[in-house]
Each structure stands twice: as structure tokens, then as C-alpha cells.
Amino acid sequence: MFLLMLPEQPNYGGISNNLIKMIFSSPNLNCLGLFLINYLQIFAMKKLALICSLCFISIQLSAQSYTLKSALSYPFPTQLVASKTQGKLAWAVNEQGKRNIYVAEAPAYKAVKITDYGEDDGQELTSISLSDDGKWVVFVRGGDHGGRDGGPVNAASLPIAPKIQVMTVPFNGGKVNIIGEGDHPVISPNSNQLVFVRAGQVMISPINGATPAQSLFYAKGTNGVCRWSPDGNKLAFVSNRVDHAFIGVYTDQATPIQWISPGLAKDNSPVWSPDSKRLAFIRMPGTGGEPDSILARKHQPWAIWTAELSTGKGKQIWKAQETISGSYPSIDGGANLNWASTKIVFSSYHDGWPHLYAIDEEGKNELLLTPGNFAVENIKLSADGKHLVFCANTGKDAADLDRRHVYQVSVDRADMKALSTGKGIESYPVITGDGTVACLSSTAQRPLLAAILSKQEIKLRGEELIPANFPIKDMVTPKHVSFKAADGKTVYGQLFSPLKALKNHPAIVYVHGGPQRQMMLGWNPMDYYSIDYALNQYLVSLGFTVLSVNYRLGLGYGFDFHKPINAGAQGASEYQDVKAAGEWLATQPNIDGKRIGIYGGSYGGYLTALALGKDSKLFAAGVDIHGVNNRFSAANTENNAQAPDATLAAERARISSPVTYISTWTSPVLIIHADDDRNVAFSQSVDLAKRFEDKKFDFEFLAIPDDTHHWMKFSNGLKVSEVTADFLKRKLIDRK
Ligand SMILES: CC(=O)N[C@@H](C)C(=O)N[C@@H](C)C(=O)O
């Protein structure tokens with residue numbers, strides 16, 4: 001990049017020299033511009049000089065043609081659900097912080113809003129479900145279900161604390177009934193009632209809220225995971241009792257709770273047989289035993305049990321392979337246990353990929369339903385129990401590794417078939433009672449919308465919700481790239497390049513959070529990452545190249561990539577992938593290796609801080625958004641003081657913590673955190689700031705009162721993105 005130093009010049013028709021310098025210093029001009037201006041000077045043709053200057057200004061400024069607010073103004077759909085008996089759908093849509101319920105019905109499946117929440121008040125909508133008679137939508141309003149249970153969220157700092165409440169509304173619209181404070185509602189098969197959890201106890205209410213909710217039964221412990229028997233006569237639930245957990249069955253007020261094969265273990269995920277006579281559930285060891293190694297990689301045992309309701313006696317029908325990859329699957333939905341028509345189906349990672357398996361009701365004849373090198377996610381069983389729909393990162397294009405497409409498979413044979421293909425991303429499929437498959441669909445340019453899948457065609461629902469000023473034409477298409485980390489491991493990423501080729505321009509490494517996440521070649525199905533996808537697109541419009549790095553610990557690339565050795569607080573082996581991303585960018589043509597920035601949220605904030613502490617020579621500036629900066633406690637040495645490797649674990653945590661590298665941290669940094677964060681404590685940023693102050697190291701910060709880890713208030717998510725973009729532009733483009 002060259003900075004053209006104009007000799008002292010007369011004003012070009014009121015165009016200040018600084019502005020000219022700014023324009024001419026921009027990387028995308030060439031010597032022609034220099035020659036042109038000097039040529040014009042000689043002939044003192046002010047007007048022509050002015051016209052040329054204005055042309056250059058318009059070229060420069062048109063490159064940045066939309067606001068971040070317009071890029072974040074998309075409607076975000078979540079919680080898509082289908083009726084088991086009819087052609088009906090329901091989902092939530094977040095429109096710039098205003099969250100409402102939409103429904104759609106066969107045959108048109110037109111999106112219709114049936115609630116009217118009009119404020120950006122930070123109250124999320126979750127647990128959406130449809131009654132089997134198709135008349136009711138049930139949902140929960142409030143809370144933050146993406147982190148530990150921290151109670152109601154007051155991101156708007158209202159003087160009256162919000163609540164977490166179970167609500168019902170007629171499918172065809174009408175009055176919203178407030179059933180009461182609580183969470184995790186489950187509608188009865190007869191559609192007249194619902195149960196939900198309040199303070200660890202199970203409550204029951206008429207679905208229309210005609211009478212107040214009341215306690216259904218009392219049980220010791222924290223009770224939840226309620227599952228009605230298909231005949232509606234019984235309710236299975238999990239009673240969590242700290243170091244163990246039981247499966248209980250409630251029948252009626254006159255019958256004692258029936259405990260199902262109670263053990264000295266942790267039982268979970270109860271599912272009923274279609275005839276309401278048996279239960280299947282997952283059993284894992286209880287908490288206890290000799291203080292074990294903190295660092296050693298070990299098998300996490302789990303097994304599938306079934307029990308007869310008539311006796312309450314259970315038996316183990318399947319046990320996981322005692323290998324590291326045979327451990328209880330740490331994926332969305334865990335074992336994803338379902339009792340299908342004649343099979344029991346579940347997820348397991350034991351062949352190196354999260355796949356679907358089927359066994360018969362005796363646990364025999366294990367069948368791999370989804371063979372291949374890809375990940376299976378978002379699994380749903382059809383109402384007749386005969387097949388499953390799910391999404392997977394596989395397809396005709398090798399780059400489908402960084403996409404998702406919808407598939408269907410029978411529960412008793414490996415006949416997987418694609419229901420969607422192409423360059424888009426289709427996730428969270430559901431199947432209605434009339435056999436219609438719906439999903440959430442996005443592309444590189446278009447944010448998520450609900451969609452109906454028909455003969456591989458994607459028919460969008462609610463397209464009219466995308467604002468007219470949404471800059472869809474300005475969205476670049478990210479490219480699937482890969483490169484090697486220092487230890488030779490292949491690392492994947494999505495490369496966002498400016499539409500107009502820029503010479504010697506700055507670049508950004510974007511680091512996702514989780515860390516068990518995967519960024520994709522389009523708008524991400526997670527709301528948190530949809531915001532960052534918009535921000536990455538906006539940074540490109542400012543003149544950055546952005547490389548979104550899918551570092552090890554992430555999903556989508558198999559077990560060994562997801563569970564690498566010496567990672568996290570045990571040595572941060574994943575950091576070498578982030579460093580490799582910065583180094584790879586620095587070798588790319590037209591990128592200024594001296595102006596590579598980095599930013600990320602949560603686990604991405606952690607790796608951003610580690611990068612700035614360890615490699616300020618490579619990363620010239622960064623934004624640490626609610627990052628984990630101090631991992632000393634992650635060694636868990638307090639609880640495992642007797643562990644044979646407690647000392648080594650503490651040292652590993654020390655070298656894995658960004659605060660350990662304060663002395664070598666020289667690049668400018670912006671720290672951002674909201675103080676009702678239930679995922680990463682606000683104290684992580686307070687501690688880092690104090691260490692900078694003790695070192696007299698200047699830093700910038702944005703503290704947001706009362707919001708959480710997930711920017712429940714739209715205006716906060718917008719503010720975070722705007723200050724992040726402004727900081728990176730100031731430091732790496734304006735160099736102020
Ligand atoms: C599981 C969790 O909360 N991890 C955080 C450190 C984090 O990265 N949170 C968000 C961003 C996520 O993707 O879960």
C-alpha cells in the first residue's frame with residue numbers, strides 16, 4: 001500500500017487535501033491517479049481536477065454502500081415445529097428484537113403472525129409446540145436458554161423484572177393466555193392440558209388457561225424432561241438428584257410415583273414405546289469414585305436400557321463401545337434417543353462421525369443408517385415412526401462439508417435420500433402430519449427463512465419479512481478454503497473477499513465461539529452466528545478480506561477434529577489453527593500482512609485474546625467479545641485437588657490463558673462484555689481490564705448492563721457489531 005503525500009496544494013475546489021490524501025492513500029488507487037492530478041495541476045484546471053476528485057470519492061465511497069443496521073435487519077426464524085397429525089407449522093421470528101410466533105397451514109403454508117410483541121425487550125420465545133388437535137400453540141416467553149439457568153432476562157433494564165412464562169395462543173390467532181411462571185411445557189396427547197416445570201417441580205394446567213396451574217405431584221430433587229405416554233395416561237420424567245438421577249412415572253393422585261429400575265447412576269432421556277407399555281432411557285455413571293486424572297482422555301460410558309411399566313424393572317439392551325469416540329456423544333441432542341415403530345434409533349460418534357443407528361427392541365441387529373464421512377444433526381422422527389429427517393454436511397459438492405442439506409432415512413434400512421441439494425444451507429427439518437417436510441433455509445446472500453421442501457425445490461415462507469433495504473445484492477459469496485496448521489492438521493475456513501479487487505488491503509481473522517460449532521458458506525442457522533455473518537459481510541464492504549476459521553474443537557469434520565488432544569485449558573492446541581489462519585492470510589496476494597486483525601465472541605474471544613497476547617506481531621489489532629481470558633479454574637484443580645495430575649493440569653491451564661501473555665500483548669484491543677452473561681462470567685473481562693491497567697496498557701471497552709451472552713436486545717447486538725467494525729476500521733484502515 002502506498003500513501004500518496006501530495007505536495008502542498010491549493011484546495012481542489014473546496015476538496016480538502018486531507019480528503020484527497022485519504023482517497024489517494026486508499027489501497028485501490030494506482031499511479032495513474034498521481035499522474036492525473038499532477039498533470040491537472042500543471043494546467044491548473046481546477047474544475048477538471050474537482051470532477052476527477054469527486055469521481056474518485058464516489059468510487060471509494062460506493063464500495064461501502066450499506067449500513068450495518070440494514071445488514072442486521074433480517075428476520076431470524078427459530079424453533080420450527082410441525083403438527084404430528086395435520087399439515088401445520090409454527091415457528092418464532094425475531095424482527096430486530098421484536099419476537100413473535102408465526103404459523104402456516106396446508107396447502108398454501110402462508111406465514112401468518114399470531115402474536116403481537118412490538119418491543120425490542122430481550123424476551124426470547126422458546127419451547128414452541130403444537131397441540132395434536134392442531135388448535136393450540138404453546139410457547140415460553142423470557143429467559144436465556146443458551147446458557148446456565150440464570151432466570152429472567154432484563155436486557156432492557158426495566159424497573160419491573162420480567163418473568164419466564166408459559167403461554168398458549170390459538171393456532172388461528174387470538175388472545176395469548178399466560179399459563180404461569182415456568183418453563184419446558186409439554187402438551188398432553190388429548191390436547192386439553194399441558195405440564196411444565198416451576199422451581200424443579202412439575203405443574204399442570206388446562207391449555208386454555210381457564211383455571212390456574214397447579215402442582216401435579218411432588219418429588220424430591222429437580223424434576224423435568226416430562227414425556228406423556230402416547231395413550232396420555234402416564235407421565236415419565238427425570239428426577240435429578242445431584243450425583244444420581246432416576247426416571248419416574250406419574251399416574252394419578254392416588255398412585256405413588258413408580259421409579260423405573262432405580263440405580264446408583266444417572267438416568268435420562270426417557271422415551272415411550274408406541275404401545276405406552278415400555279420405556280427406553282439412557283444410563284450413565286453417577287458422580288463419584290477415586291479422584292481421576294484431569295488430563296487423561298477417557299471413555300465416557302453410556303448405555304440404552306428398556307423397562308416394562310408393568311414391573312418397573314429394566315434391562316440394558318445396548319452398551320456403547322468403550323473407546324474414546326464411543327463416549328456419550330457431545331453433540332446437539334446427545335444420544336437423540338427415539339422409539340420408532342419397530343426400532344430404537346439413536347446417535348453415536350463411535351465410527352468417527354455422528355451417525356444414526358437402529359437396534360431392535362431387544363438391542364440386537366445394530367444397523368448404521370447413515371454411513372459416510374459427514375455429521376448428522378437436527379434429527380426428527382416422523383409421526384408414524386417409520387422414518388427420520390435430519391440435516392448433514394454432505395452432498396454432490398465437496399464444499400458441502402461447510403453446508404447443510406436435508407435428508408430422509410427409514411428407521412429399519414440405510415436408504416438415506418437427499419431432500420435438498422445445491423449451494424444453500426438447509427437445517428432444522430421437520431415433518432408434518434400430512435408428510436410435508438419443512439426446514440430453515442439460507443444462502444450466501446439470503447438470511448434464514450422457513451421453507452417447504454418439495455421435489456428438492458425450496459419454497460420460502462415469510463420472504464416478505466426481509467426489509468426492502470436489506471443489502472442482499474451486496475452480499476459476497478464466501479469461498480471454501482483450507483490450509484495446514486503447524487502440526488500438519490488441515491484447517492478449514494470461509495474466505496470473504498471484496499467484490500472489487502483491492503491492492504494491498506487489510507484482512508481479518510474471524511474466530512467463532514462454542515467451540516463445538518461450525519461456520520458455513522452462508523447465513524448461519526444459529527442466531528449468534530447470523531449476527532457475525534452479517535458483520536463479516538459488512539467488514540468486506542469496508543475493504544477487508546475476512547477469513548472465518550473453523551478451528552479444531554469444532555463440528556463437521558469428524559471426531560478427531562472435534563476432540564483434539566491438548567486442547568482448551570489443557571494446552572490450547574486449537575490456537576495453532578487460528579495462528580495458521582493469520583499466517584495464511586499474510587501470504588495471500590494483495591493482502592497487507594502488517595494489517596491483519598482478529599475478532600471473535602466467547603470461545604472466539606478467548607482465542608482472539610490468546611492471539612493478541614502471544615502473537616501481536618502477526619495480529620495488529622483485535623476485538624475480544626466476552627472472551628474467556630483466564631482459564632485457571634478450568635483445570636478444575638479445586639475440585640480435583642487429589643487428582644494425580646492436578647499440578648500439571650494447573651500449569652496447562654496457565655499456559656492456555658490469555659492473561660498469562662499480558663507482558664507480550666502490544667496490539668490494540670477492544671473488550672466487550674454484557675454483565676448478565678450466563679456463559680462467560682463478566683469478571684473475565686473485569687480481570688483482564690485490571691491487568692491492563694496495572695500494566696498501564698491502553699485498551700478500549702464496551703460494557704453492556706443487564707444483557708446476556710446472546711445479545712437478547714437487538715439494539716445491543718447492533719451496538720456490539722458497530723463498535724467492533726469501527727474499531728477494526730480505525731486501527732487497520734484509518735490507522736488511528
Ligand atoms: C457453550 C458456551 O456457552 N460456550 C461459550 C464459551 C461460547 O462460545 N458461547 C457461544 C458463542 C456458543 O457458540 O455457544
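Here the structure is a predicted model, which means the values were calculated and not measured. Whatever order the structure lists ligands and atoms in, that order sets their numbers, starting from 1.
For atom 14 (O) of ligand 1, the closest non-hydrogen atom of the protein is R517 NH2, 2.8 Å. If you check which protein heavy atom lies closest to atom 11 (C) of ligand 1, you get Y529 OH, 3.2 Å. Counting protein heavy atoms only, atom 4 (N) of ligand 1 is closest to G514 O, 2.9 Å. Of all protein heavy atoms, the one lying nearest to atom 7 (C) of ligand 1 is S602 OG, 2.3 Å. When only non-hydrogen protein atoms are considered, atom 3 (O) of ligand 1 lies nearest to N679 ND2, 2.7 Å.
Residue G513 has at least one heavy-atom neighbour below 4.0 Å for each of these atoms of ligand 1: 8 (O), 13 (O). Listed by number with element, the atoms of ligand 1 under 4.0 angstrom from any heavy atom of H709 are 5 (C), 7 (C), 9 (N), 10 (C), 11 (C).
For the pair F561 and Y551, the minimum side-chain heavy-atom distance is 4.5 Å or more. Here the side chains of N393 and E377 are not in contact, with every heavy-atom distance at 4.5 Å or above.
Ring geometry for F682 versus H673: interplanar angle over 60°, hence perpendicular rather than tilted (30 to 60°).
For Y606, the heavy-atom gap to ligand 1 stays at 4.0 angstrom or more.
Taking the ring axis of Y117 as reference, the NZ or CZ atom of R141 stays within 45° of it and closer than 6.0 Å to the ring centre.
The heavy-atom pair separating Y510 from V546 by the smallest distance is CB-CG1, 4.1 Å.
Under the 3.5 Å distance criterion, the side-chain polar atoms of Q570 are left unmatched by any main-chain donor or acceptor of A567.
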